[in-house]
Colleague: 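First the structure, which I've put down as structure tokens, then a few questions once you've had a look.
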Protein chains: 2
Amino acid sequence: MTAARPFADVLQRLRSAGLRPTRQRLALAKLLLENGDRHVTAEQLHSEARQASIPVSLATVYNTLHQFTDAGLLREVVVAPGRSYFDTNTGDHHHFFYEESGRLEDIPGDQVVVGALPAAPSGTTIRRVDVIVRLGERE
Amino acid sequence: MTAARPFADVLQRLRSAGLRPTRQRLALAKLLLENGDRHVTAEQLHSEARQASIPVSLATVYNTLHQFTDAGLLREVVVAPGRSYFDTNTGDHHHFFYEESGRLEDIPGDQVVVGALPAAPSGTTIRRVDVIVRLGERE
DNA sequence: GCTAATTTTAGAACTCCTCTAAAGTATTGA
DNA sequence: TCAATACTTTAGAGGAGTTCTAAAATTAGC
Ligand SMILES: [Mn+2]
Ligand SMILES: [Mn+2]
Ligand SMILES: [Zn+2]
Ligand SMILES: [Zn+2]
């Protein structure tokens, strides 16, 4: 279940999102999408790419993360002021946030159940429900 | 149940938080705590204070909001990158976030029920569970 | 009041992120 | 195959929101 998707698939996913498969987008897509579920910041991905000798600017990392998010390949999770993660798990799930370390992690399976949801106020629809369970060190 | 708390109470609440009741803190506390449930940004509170002829710098507004939060008089809610609200409702409740307007609103009563919560990972405790229901315009 | 501790402040600085416009790359279709 | 065209990348400037600095002002305790 951790099977890496083949290269051809990443290429296909970019194409069907209407994104040209450039050197930078392909490389970033492979880092993101062929390594299981990940929660990365733009800075993290940027330095990871540089370490892998992928020449890419920070602006392109931001552009790419937003394009992938708009295309539904990623989802953005905001946990604290100035701390935005991009999540490769686009399924319906929720998060643990470790306040000390800043780490964000999926809550496995159906361990969170939102039992009742309010009706959307008139004229609106519910786009998404985010549940963040904030953790501290046990006192 | 919208009864404004008397001035003496605000003063008392600052004292018991170990905060000197300065001109600025008293005035900000009154704006925040004597007007029902509110969700304000630092900038909003700052301009509200200036309009009310309370001389106060933006740095002091930030300091005060954080001190009040640490003292348990407020709670901070982050909804989007660079968008942090301070909430005068410190009870257990959840939020609607209107993505178009940027408005944050309490979900009334018990209209959200988090039915099952996961066990905290070992070595940690759950500090808080935030549920944010993100709304868009009905298509 | 006088003194010591705390608070406020303007403005600089910082972090994260977006914009600009020029150079580079991918795609199209003759 | 190769312009012509459209899109993408980039360095660096710019911006929003927030924090820091250190000097002046206020508050508290005697
Ligand atoms: Mn975004
Ligand atoms: Mn804070
Ligand atoms: Zn996730
Ligand atoms: Zn609230």
Side-chain angles (χ1 to χ4, degrees), chain A residues 7 10-31 39-50 52-71 73-74 76-86 102 104, chain B residues 10-31 39-50 52-71 73-86 102 104:
Chain A
F7 178 85
V10 160
L11 200 155
Q12 195 43 56
R13 292 171 85 182
L14 292 188
R15 283 237 156 80
S16 63
L19 297 170
R20 291 184 179 177
T22 63
R23 201 176 302 287
Q24 287 79 357
R25 291 207 275 232
L26 276 171
L28 294 175
K30 287 165 64 86
L31 286 178
H39 301 88
V40 295
T41 65
E43 283 288 0
Q44 275 166 23
L45 183 63
H46 183 232
S47 69
E48 197 176 314
R50 304 304 288 252
S53 305
I54 300 158
V56 63
S57 70
L58 184 58
T60 295
V61 171
Y62 274 105
N63 289 343
T64 302
L65 287 170
H66 289 142
Q67 290 154 355
F68 285 10
T69 300
D70 293 346
L73 301 174
L74 296 177
E76 192 172 358
V77 183
V78 181
V79 288
R83 190 163 232 145
S84 206
Y85 285 94
F86 292 86
L104 187 72
Chain B
V10 160
L11 200 155
Q12 194 44 54
R13 291 170 87 182
L14 293 188
R15 283 238 154 80
S16 63
L19 297 170
R20 289 184 182 178
T22 63
R23 199 176 304 285
Q24 286 81 355
R25 291 208 275 233
L26 276 171
L28 294 175
K30 285 164 66 84
L31 285 178
H39 301 87
V40 294
T41 65
E43 282 289 359
Q44 276 167 22
L45 183 62
H46 183 233
S47 70
E48 197 175 315
R50 304 303 289 253
S53 305
I54 299 158
V56 63
S57 71
L58 183 57
T60 294
V61 171
Y62 274 105
N63 288 343
T64 302
L65 287 170
H66 288 142
Q67 290 153 355
F68 286 9
T69 300
D70 293 345
L73 301 174
L74 296 177
R75 127 183 189 185
E76 193 173 357
V77 183
V78 183
V79 288
R83 192 163 232 144
S84 206
Y85 284 94
F86 292 86
L104 187 73

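The model shown is predicted, which means the values in this text are computed figures rather than measured ones.
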Colleague: State, with a plain yes or no, whether a side-chain heavy atom of B:Y85 is found less than 4.5 Å away from one of B:V79.
Modeller: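 In short, these two side chains touch, coming nearer than 4.5 Å.
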Colleague: Nearest whole Å is fine: how far is D:dT18 C1' from B:Q44 CD?
Modeller: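 Value for this atom pair: 16 Å.
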Colleague: Under 4.0 Å between a side-chain N or O of A:H66 and OP1 or OP2 of C:dC17?
Modeller: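 So the side-chain polar atoms of A:H66 never come under 4.0 Å of the phosphate oxygens OP1 or OP2 of C:dC17.
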Colleague: My understanding is that only residues two or more places apart in sequence, or in another chain, count here; which of them pass salt bridge (Lys or Arg N to Asp or Glu O under 4.0 Å) with B:R75?
Modeller: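 Per chain and number, B:R75 pairs via salt bridge (Lys or Arg N to Asp or Glu O under 4.0 Å) with B:D130.
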Colleague: Taking 4.0 Å as the cut-off, does a side-chain nitrogen or oxygen of A:Y62 come that near to OP1 or OP2 on C:dT18?
Modeller: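 For A:Y62, the contact criterion (side-chain N or O under 4.0 Å from OP1 or OP2 of C:dT18) is not met.
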Colleague: Checking side chain to side chain contact (heavy atoms under 4.5 Å, CB included) between B:P21 and each of B:R13, B:Q12, B:R15, which is the one that passes?
Modeller: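 Of the listed residues B:R13, B:Q12, B:R15, the side chain to side chain contact (heavy atoms under 4.5 Å, CB included) partner of B:P21 is B:R15.
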Colleague: Rounding to a whole Å, what distance do you find between A:Q67:CD and C:dC17:P?
Modeller: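 Computing the A:Q67:CD to C:dC17:P distance gives 16 Å.
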Colleague: For the residue pair A:F68 and A:R25, what are the closest heavy atoms and their distance?
Modeller: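 Of all heavy-atom pairs spanning A:F68 and A:R25, the closest is CZ-O, 3.8 Å.
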Colleague: Does A:H39 have any ring pair (Phe, Tyr, Trp, His ring centres under 6.0 Å) partners at least two apart in sequence or in another chain, and if so, which?
Modeller: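 In terms of ring pair (Phe, Tyr, Trp, His ring centres under 6.0 Å), with neighbours along the sequence ignored, A:H39 is linked to A:H95.
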Colleague: If you look at every strand shown and take non-hydrogen atoms under 4.0 Å, does A:L58 touch a base, only sugar-phosphate, or nothing?
Modeller: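 Nothing, no nucleic acid heavy atom in range.
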Colleague: Rounded off to whole Å, could you give me the CG-to-C1' distance for the A:L45 and C:dC17 pair?
Modeller: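 Going from CG in A:L45 over to C1' in C:dC17 covers 15 Å.
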Colleague: Where do N or O atoms of nucleotides 19-27 of chain C meet protein N or O atoms at under 3.5 Å, pair by pair?
Modeller:
none

Colleague: Got a sec, which residues hit side-chain hydrogen bond (donor to acceptor under 3.5 Å, both in side chains) with B:R83, two or more places apart in sequence or on another chain?
Modeller: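 side-chain hydrogen bond (donor to acceptor under 3.5 Å, both in side chains) check on B:R83 returns nothing, list empty.
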Colleague: Please give the angle, rounded to 10 degrees, between the axes at the start and the end of the helix from C:dG1-D:dC30 to C:dA30-D:dT1, where five pairs define each axis.
Modeller: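 Inter-axis angle at the termini of the helix from C:dG1-D:dC30 to C:dA30-D:dT1: 30°.
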Colleague: Separation of B:L65 atom CG from D:dT19 atom C1', in whole Å?
Modeller: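 To the nearest whole Å, that distance equals 14 Å.
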Colleague: Can you tell me the distance, in whole Å, between the CG atom of B:L14 and the P atom of D:dT27?
Modeller: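 Distance, rounded to whole Å: 13 Å.
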Colleague: With sequence neighbours left out, write down each residue that passes salt bridge (Lys or Arg N to Asp or Glu O under 4.0 Å) with B:E43, or none if nothing qualifies.
Modeller: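 Residues passing salt bridge (Lys or Arg N to Asp or Glu O under 4.0 Å) with B:E43: none at all.
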Colleague: Nearest nucleotide by nearest heavy atom, which residue falls closer to the 5' end of DNA chain D, B:A42 or A:T60?
Modeller: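 Checking each residue's closest nucleotide, the 5'-ward one belongs to A:T60.
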Colleague: Can a donor-acceptor pair be found between the side chains of A:Q24 and A:T64 at a distance below 3.5 Å?
Modeller: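 On atom types as modelled, these side chains do not qualify, holding no pair under 3.5 Å.
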Colleague: Taking only the side-chain nitrogens and oxygens of B:R83, find out if one of them lies under 4.0 Å from OP1 or OP2 of D:dG17.
Modeller: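 No, outside the criterion.
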Colleague: Taking B:H46 for the side chain and B:V56 for the main chain, is one N or O donor matched with an acceptor at less than 3.5 Å?
Modeller: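 Present.
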Colleague: Measure from CG on B:L19 to P on C:dA5 and round the result to the nearest Å.
Modeller: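 One finds 19 Å between P of C:dA5 and CG of B:L19, rounded.
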Colleague: Mapping A:T41 and B:Q24 onto DNA chain C by nearest heavy atom, which one lands closer to the 5' end?
Modeller: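 By nearest-heavy-atom nucleotide position, the 5'-most residue is B:Q24.
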Colleague: Rounded off to whole Å, could you give me the CG-to-P distance for the B:D70 and C:dT7 pair?
Modeller: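 It works out to 13 Å between those atoms.
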Colleague: Between B:L26 (CG) and D:dT26 (P), how many Å, whole number?
Modeller: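 B:L26 atom CG is separated from D:dT26 atom P by 15 Å.
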